[in-house]
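Heads up: the structure comes next, in structure tokens.
All chains are named by letter (A, B, ...) in the order of the sequence lines, taking the proteins before the strands, and each is independently numbered beginning at 1.
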There are 2 protein chains.
Amino acid sequence: MAKPRDSSKPGSSKPASSKPAGSKPESVTLTEVAGHAGVSRSTVSLVLRGSPLVAAETRERVQAAMVALGYIYNRGAANLRAARTHTVGLLVCELNNPFYAELTAGVDDVLDTEGFVAFIANTAEQPERQDRFLQRMREHNVDGVILCPAAGTQPELLDRLDRWRLPCVQALRFVSDQERDYAGVDYQAGMETVTEHLISLGHRRIAFVGGTLDHSAYAARHAGFTAAMRRHGLADDLVLRCPLTRRSGAEMADHLLNRPQAQTAAPTAALCYNDVVALGLMLGLEARGLRAGRDLAVTGFDDVPEAALSRPALTTVATSARQIGQEAARLLLRRIADPQGPPERIILPSRLVVRQSCGAPSDSLGGAPSPSLHHRDLS
Amino acid sequence: MAKPRDSSKPGSSKPASSKPAGSKPESVTLTEVAGHAGVSRSTVSLVLRGSPLVAAETRERVQAAMVALGYIYNRGAANLRAARTHTVGLLVCELNNPFYAELTAGVDDVLDTEGFVAFIANTAEQPERQDRFLQRMREHNVDGVILCPAAGTQPELLDRLDRWRLPCVQALRFVSDQERDYAGVDYQAGMETVTEHLISLGHRRIAFVGGTLDHSAYAARHAGFTAAMRRHGLADDLVLRCPLTRRSGAEMADHLLNRPQAQTAAPTAALCYNDVVALGLMLGLEARGLRAGRDLAVTGFDDVPEAALSRPALTTVATSARQIGQEAARLLLRRIADPQGPPERIILPSRLVVRQSCGAPSDSLGGAPSPSLHHRDLS
DNA sequence: CACGGTAATTGGATCGATCCAAAAGCGCAA
DNA sequence: TTGCGCTTTTGGATCGATCCAATTACCGTG
């Protein structure tokens, strides 16, 4: 058989262009680029991946051909052969919470600069939905996942991910404290700090308010409360669990103040699980003619934008969601690059933000020209 | 040639299991499932896609084999041959805004039930970033995109998407009012309604506050203001543009009230572009010892959670972000199924939410037991 | 001029599914 | 027995890239 090599005459006898009746103008392939540049497929592939093996002159010719033909890289095809897909899965438990949205933005920041893209899923705290999505992620061959585990997630899930060889970084919460990759906030220290703050203001009877789902984040926050109280020899028995909604927070006002048959004294301060509950509680107080900071000290956790905006402004603990997202993404990329490396736990510090809701240090509560128009309070 | 069919003896002479030294236990392929079930690849493929061609008995056998081997579908491989990838791209312009987060959740809802997944990207209002991401979406062969165009997006972009044969649904904003798929809110009607509300309360001099970026959403809101004012023979010249941040909103307080050299009268009401600006403005008023609803009527737009929470609570226009996301996703799926169909524009209504920030109808402003603890104000 | 060594390029096999035309199995009538 | 139609199954060929072993080009040396 004769071998018709036509590398010198580009665009002449290529079988690819034998059907000029333009029904499918789509998908310029690497082979066509090769023909146009007068090189082989393999060489184009090397150029594509930035290999140092190709000569500079050749590289330029190939790149010119790619531009001329409007070539677009077909990652799907590449993924089939190569190991990597340059995609990851991101599972958050409640996207509608601004906190998680911010985290997502942080993840996106890092992935974007590294040429990765993320599949997103809102598990809405439903383990079934989480399972379904993880399954889908496997089918799409993602290189790894960032997981904010839904409440009720079984630790066994992580073992399954291991078996699947699917790198996973837990964020904000974790379902098992084994040595596993994790990025989050030091909730316990944050809670200790704000509890100490209340104690330093003279409060002795403090209630811990909010939280029903059992996960690591709840445990850590509660532990912070307990640790600080015990350190000062104070009772940590006043714990009121409730859903993490404004409505529930508002309803807790009664439980806190009207305690007819209570053997113990009423609390003078409410340490809320997060800002949402705290803001709700303040609304509840107001509806009863009471005021946070005067009649009851109230603190939150998270420092959501509303916290600076409420009257009185909410004393809370700031946790930078975006930064956690960035750290989680960076950690996942490291893990993908080196699946065998030792696990890392990245714990970011939190920061106490003192406002007026627990009796301001300078005690000009509420009133006229608000002294609280700090820079960081305005987005 | 003899034909050694070994359908009865599974797992005996298959070349797949010829290398038992378990270095790569991963990736059970369709071929292996076929071997285990004693059928051909093609048949397994048909089962996978739920074809009615295969006999019921065969289907069961194949499914049993898939379970037994722990088979997982490799969509990447399938995508290479088939047209569909069952993925879409979702580009939002500011994820950190809770409004877009909610929209994202809505998109996720619908895609999840249809077996699709979304790549997410936060364009942060940067057209370059938007371009880069769209490029990446093409490389990943997404079936379509949902686009909240970044401010400054050129209409030409949509033509490019057409040329690429990439179905696209615009959401919330659009860069060209040609007949194209779109899902959004009737901003103009919403603004008209709230303007009418102010007028009905007796306001004659009303300022339109906020917005710097030029896009359809700005145009529509402004048009609503103008239309309502003109209908009542009122001047619509008082327009104060500013960035969409709380800080800028706060700073607008001065511009609104201290107008030394102004030829025209000071406004009695401020119609804000959105809630963020309105909330900022209210803070600015408060810092000057003034109060929204008493000294200046203030309205917002979007009905973000904070709106119900501020003192006084903000009168605003509710737009259900989640629903828009759902509609956009449904529309995109229709378009993917039928690329040639006629374009659709889905415009959802908005709803006026009257609270206290522009002088409550029952004029018990601010004061004691708040009457506004409605159900919907509590998340 | 043959030779070794490096740099650059290449063709065939391959990843794991789908597509499609062809074939096998089967019941039934001529 | 043969032929026909129907259902069910099947084996290449294929999608568009990567991997790898092999080849070619080129240059300085002995």
Side-chain angles (χ1 to χ4, degrees), chain A residues 1 3-8 14-16 19 24 26-35 37-62 65-66 69 71-86 138-141, chain B residues 1 3-7 15-16 19 24 26-35 37-62 65-66 69 71-86 138-141:
Chain A
M1 264 220 203
K3 220 183 175 190
R5 279 194 90 230
D6 56 348
S7 62
S8 53
K14 278 287 154 194
K19 202 189 262 183
K24 280 206 169 184
E26 55 191 335
S27 81
V28 178
T29 75
L30 169 148
T31 308
E32 295 170 56
V33 173
V39 296
S40 73
R41 262 179 359 220
S42 308
T43 304
V44 178
S45 177
L46 290 173
V47 170
L48 232 39
R49 285 172 289 154
S51 162
L53 287 175
V54 303
E57 191 267 342
T58 310
R59 183 195 316 281
E60 279 170 32
R61 198 148 36 92
V62 170
M66 296 198 300
L69 297 180
Y71 170 75
I72 62 155
Y73 185 56
N74 184 333
R75 262 178 216 275
N79 295 340
L80 187 53
R81 196 84 204 349
R84 298 289 177 70
T85 61
H86 290 262
R138 281 185 86 198
E139 296 185 352
H140 281 284
N141 263 307
Chain B
M1 262 217 209
K3 220 181 171 193
R5 276 196 91 229
D6 59 347
S7 62
K19 201 188 264 184
K24 280 208 169 185
E26 57 192 332
S27 83
V28 177
T29 76
L30 170 150
T31 308
E32 295 171 56
V33 173
V39 296
S40 75
R41 263 178 0 219
S42 309
T43 303
V44 178
S45 178
L46 289 172
V47 170
L48 232 38
R49 283 171 290 154
S51 163
L53 287 175
V54 304
E57 190 268 341
T58 310
R59 182 192 318 281
E60 280 170 31
R61 198 148 37 93
V62 169
M66 296 198 299
L69 297 180
Y71 171 74
I72 62 153
Y73 186 55
N74 185 335
R75 264 178 214 275
N79 296 340
L80 186 54
R81 197 86 200 0
R84 299 291 176 69
T85 59
H86 290 260
R138 280 185 88 198
E139 296 184 352
H140 281 285
N141 264 308

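Between A/Ser40 and the phosphate of C/dT10, there is a side-chain N or O to OP1/OP2 separation shorter than 4.0 Å. Contact check, B/Arg49 against C/dT18: a side-chain N or O comes under 4.0 Å of OP1 or OP2. Look at A/Thr43 and you won't find any side-chain N or O under 4.0 angstrom from OP1 or OP2 of C/dT9.
The CZ atom of A/Arg84 sits 11 Å away from the P atom of D/dC19 (whole-angstrom rounding). Between B/Leu30 atom CG and C/dT14 atom C1' the separation is 16 Å, expressed in whole Å. One interatomic measurement links the two molecules: NE2 of B/His86 to P of C/dT18, which rounds to 10 Å at whole-angstrom precision. The nearest whole Å value for the distance from the CZ atom in B/Arg59 to the P atom in D/dT8 is 10 Å. Whole-Å rounding puts the A/Glu57 CD to C/dA7 C1' distance at 15 Å. Separating the OH atom of B/Tyr71 from the P atom of C/dG16 is a distance of 10 Å, rounded to the nearest angstrom. Distance, B/Arg41 CZ to C/dT14 C1': 14 Å, rounded to whole Å. The nearest whole Å value for the distance from the CZ atom in B/Arg81 to the C1' atom in C/dT18 is 5 Å.
Comparing C/dA8, D/dT9, C/dG16 by their closest approach to the side chain of B/Thr58 singles out D/dT9. In this structure, the nucleotide among D/dT18, C/dA17, C/dT9 sitting nearest to the side chain of A/Ala78 is D/dT18. Out of C/dT10, D/dT18, C/dA17, the shortest distance to the side chain of A/Leu46 is found at C/dT10. Closest approach to the B/Ala82 side chain among D/dT18, C/dT18, D/dT9 is made by C/dT18 (side chain taken as heavy atoms from C-beta onward). Looking at the side chain of B/Thr29, the nearest of the listed nucleotides C/dT10, C/dG16, D/dT18 is C/dG16. Across C/dC15, D/dC15, D/dT9, the shortest atom-to-atom separation from the side chain of A/Leu80 is found for C/dC15.
Side chain of A/Arg59 to backbone of A/Val47: no donor-acceptor contact under 3.5 angstrom is found.
With rounding to the nearest 0.5 angstrom, the CG atom of A/Asn79 is 7.0 Å from the NE2 atom of B/His140. The distance from the CG atom of B/Asn141 to the CZ atom of A/Arg75 is 11.5 Å, given to the nearest 0.5 Å.
You'll find the side chain of A/Thr58 reaches within 4.5 Å of the side chain of A/Val39, heavy atoms only. Side-chain contact between A/Met66 and A/Leu48: present, with at least one pair of heavy atoms (C-beta onward) separated by less than 4.5 Å.
Comparing A/Ala83 and B/Pro52 along DNA chain D, the residue whose closest nucleotide (by nearest heavy atom) sits nearer the 5' end is B/Pro52. With DNA chain C read from its 5' end, the first of the two nearest nucleotides for A/Leu53 and A/Ser42 is the one closest to A/Leu53.
Among the protein residues, A/Arg75 comes within range of no part of the nucleic acid, since none of its heavy atoms lies under 4.0 Å from any strand.
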